There are 2 protein chains.
Amino acid sequence: MQFSIGVEYAFHSLFYMVDLPEHKTIGIKDIAKLHGITVTYLSKIFSKLRKAGIVRSIAGVNGGYELAKGAENISFWDIIEAIEGTSRLFHCIEIRKKNIFVNDPSIFTDKCPCLIKVVIQEAEDLMRNQLKMKSLRWLHDQVHKDFSVEKRKAIADWLKDV
Amino acid sequence: MQFSIGVEYAFHSLFYMVDLPEHKTIGIKDIAKLHGITVTYLSKIFSKLRKAGIVRSIAGVNGGYELAKGAENISFWDIIEAIEGTSRLFHCIEIRKKNIFVNDPSIFTDKCPCLIKVVIQEAEDLMRNQLKMKSLRWLHDQVHKDFSVEKRKAIADWLKDV
DNA sequence: TCTATTGTGGATAATGAGTATCCATGTTAT
DNA sequence: ATAACATGGATACTCATTATCCACAATAGA
């Protein structure tokens, strides 16, 4: 039970896009090369990010992607939910409906929703809310603080040429 | 990205075992019939619960399963971890290692562990801790509070005969 | 207008985890 | 001894994820 690899690709792709100069886009081709994966595969991931309103696409020559809103308004959970979808960790499929006590409805009248589901979803919400509090901007600033001058320059140069 | 169905089978199986009289065991066969699944499949789930120290097995005639400790000492998370394992939601496979900046090690010297992983794991820990606070006993008492006298009797009678 | 560049989406295959069953084996009360 | 019970190996089926190829649409610049 893990997040898909697409979440990691999304995080690391978006991380570099924070430094993109205003009105400059970056092509899928360049990010795919950066990660060593194919263009068409990464495009599926960016398709999800686009539908979630995290990035914006510009078609045609010199087109590409840019962040659809400020990095401070893109949370960790926004990115995860864009890739993983909105489904819950515990999806009660009501196996109780099949159990032997069901034959007598007067005896088997559980309250719905199932309490197990409620408890697990409440715990899940704690996690989600924590992830909603950390933004892509925060991640970017924390990480860049520890980058050397040379590394920041290397990234900036690379972004200039793509 | 969801918990496996085994988690639900485990919860609903253990729920009935709380009412089991002292030193009385229940056979896999009866629980499997209750849920409408095969004995061998449910035995895989109970094998995990046994290895996690949640239930204890007695082989041979009149054998079966019983809780290995008090229901108040079995948390929601204990049950989930027994079935799902201990792996984390976000397992950073370090795609950065493949990226183009790696060719120059003096430039690419990220601190490990990856900050993305740290943040997600901290959020996950909030969820885990919340699930560690709710016990099987608590679930049992909350649900039984709302059960009718007839239903409680039906369950008790069923447990007496298995 | 033509063309090279860039994103979009359908079709498809490979992989791997989860779901599920059957059967052989070991243990134990009667 | 035997019937009842758990255990573990082998196997197959299903399904989401991972991944690629290709045809198509959009667009900037020659």
Side-chain angles (χ1 to χ4, degrees), chain A residues 1-10 13 17 23-33 35-52 54-66 68 80 82-87 89-91 93 95 98 161-162, chain B residues 1-10 13 17 23-33 35-52 54-66 68 80 82-87 89-91 93 95 98 161-162:
Chain A
M1 209 271 306
Q2 287 181 183
F3 290 144
S4 70
I5 184 69
V7 172
E8 193 174 352
Y9 287 135
S13 300
M17 294 173 69
H23 298 308
K24 180 161 177 18
T25 61
I26 186 169
I28 281 265
K29 194 177 56 170
D30 295 301
I31 310 179
K33 194 188 294 175
H35 293 146
I37 57 180
T38 61
V39 171
T40 42
Y41 177 50
L42 190 60
S43 76
K44 307 296 180 192
I45 293 164
F46 268 79
S47 177
K48 289 181 176 178
L49 292 174
R50 186 176 58 85
K51 283 166 186 162
I54 293 174
V55 300
R56 187 177 14 241
S57 69
I58 286 104
V61 178
N62 293 332
Y65 284 97
E66 62 186 344
I80 294 171
I83 307 297
E84 291 290 317
T86 56
S87 75
L89 282 183
F90 186 76
H91 176 242
I93 62 161
I95 60 173
K98 293 193 296 182
D161 292 341
V162 295
Chain B
M1 209 272 305
Q2 287 182 183
F3 290 143
S4 70
I5 184 70
V7 173
E8 193 173 353
Y9 287 135
S13 301
M17 293 173 68
H23 297 306
K24 182 163 175 18
T25 61
I26 187 171
I28 282 267
K29 194 178 59 174
D30 295 301
I31 310 178
K33 194 188 293 174
H35 294 146
I37 56 178
T38 61
V39 171
T40 43
Y41 178 50
L42 190 60
S43 76
K44 309 294 182 192
I45 292 164
F46 268 79
S47 177
K48 289 180 177 178
L49 292 174
R50 186 175 59 84
K51 282 165 185 164
I54 293 174
V55 299
R56 185 176 17 240
S57 70
I58 286 105
V61 178
N62 293 332
Y65 284 96
E66 62 185 345
I80 293 171
I83 306 299
E84 291 288 320
T86 57
S87 75
L89 280 183
F90 185 76
H91 177 238
I93 61 161
I95 61 173
K98 293 194 296 184
D161 292 341
V162 294

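Because only heavy atoms are used, hydrogens play no part in the values below, and waters and symmetry mates are left out as well, while side chains stay in. Letters go in sequence order (proteins before strands), and every chain restarts at 1. Just so it is clear, the structure is predicted and the values come from calculations on it, not from any experiment.
Interatomic distance, A:Y41 OH to A:I28 CD1, rounded to the nearest 0.5 Å: 12.0 Å. Distance check, rounded to the nearest 0.5 Å: OG1 of B:T38 to NZ of B:K33 gives 14.0 Å. To the nearest 0.5 Å, atom CG of residue A:N62 and atom NZ of residue A:K24 are 8.5 Å apart.
Rounded to whole Å, atom P of D:dA19 lies 11 Å from atom CD of A:E8. Taking atom CZ of B:R56 as the reference point, atom P of D:dA6 lies 15 Å away to the nearest angstrom. Taking atom NE2 on A:H35 and atom P on D:dT18, their separation rounds to 15 Å, with Å as the unit. As a whole-Å value, the separation of B:K24 NZ from D:dC5 P is 10 Å. Regarding A:I28, its CD1 atom lies at a distance of 14 Å from the P atom of D:dT20, rounded to whole Å.
In this view, A:I83 and A:S4, A:V7, A:A10, A:I45, A:K48, A:L49 satisfy the side chain to side chain contact (heavy atoms under 4.5 Å, CB included) rule, not counting sequence neighbours. Qualifying side chain to side chain contact (heavy atoms under 4.5 Å, CB included) partners for A:V61, counting only residues two or more places apart in sequence or in other chains: none. A:E66 meets the side-chain hydrogen bond (donor to acceptor under 3.5 Å, both in side chains) test with A:R56; sequence neighbours excluded.
Of all the heavy atoms in A:I54 and A:A82, the pair that sits closest is CD1-CB, 3.9 Å.
Along DNA chain C, the nucleotide nearest to A:Y65 and the one nearest to A:M1 differ in position, and the one closer to the 5' end is contacted by A:Y65.
A:Y65 places none of its side-chain heavy atoms less than 4.5 Å from the side chain of A:S13. Between B:H35 and B:I31 the shortest side-chain heavy-atom distance falls below 4.5 Å. Considering only heavy atoms from C-beta on, A:K29 stays 4.5 Å or farther from A:L42 through its side chain. Between B:Q2 and A:F90, every side-chain heavy-atom pair lies at or beyond the 4.5 Å cut-off.
When DNA chain C is scanned in the 5' to 3' direction for atoms under 4.0 Å from non-hydrogen atoms of chain B, the outermost contacting nucleotides are C:dG18 to C:dT30.
Of the residues in residues 39-47 of chain B, those lying under 4.0 Å from DNA chain C by heavy-atom distance are B:T40, B:Y41, B:K44.
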Expected rows: protein N/O vs nucleotides 24-30 of chain D N/O, under 3.5 Å:
| residue | atom | partner | partner atom | Å |
| --- | --- | --- | --- | --- |
| D:dT27 | O2 | A:V61 | N | 3.4 |

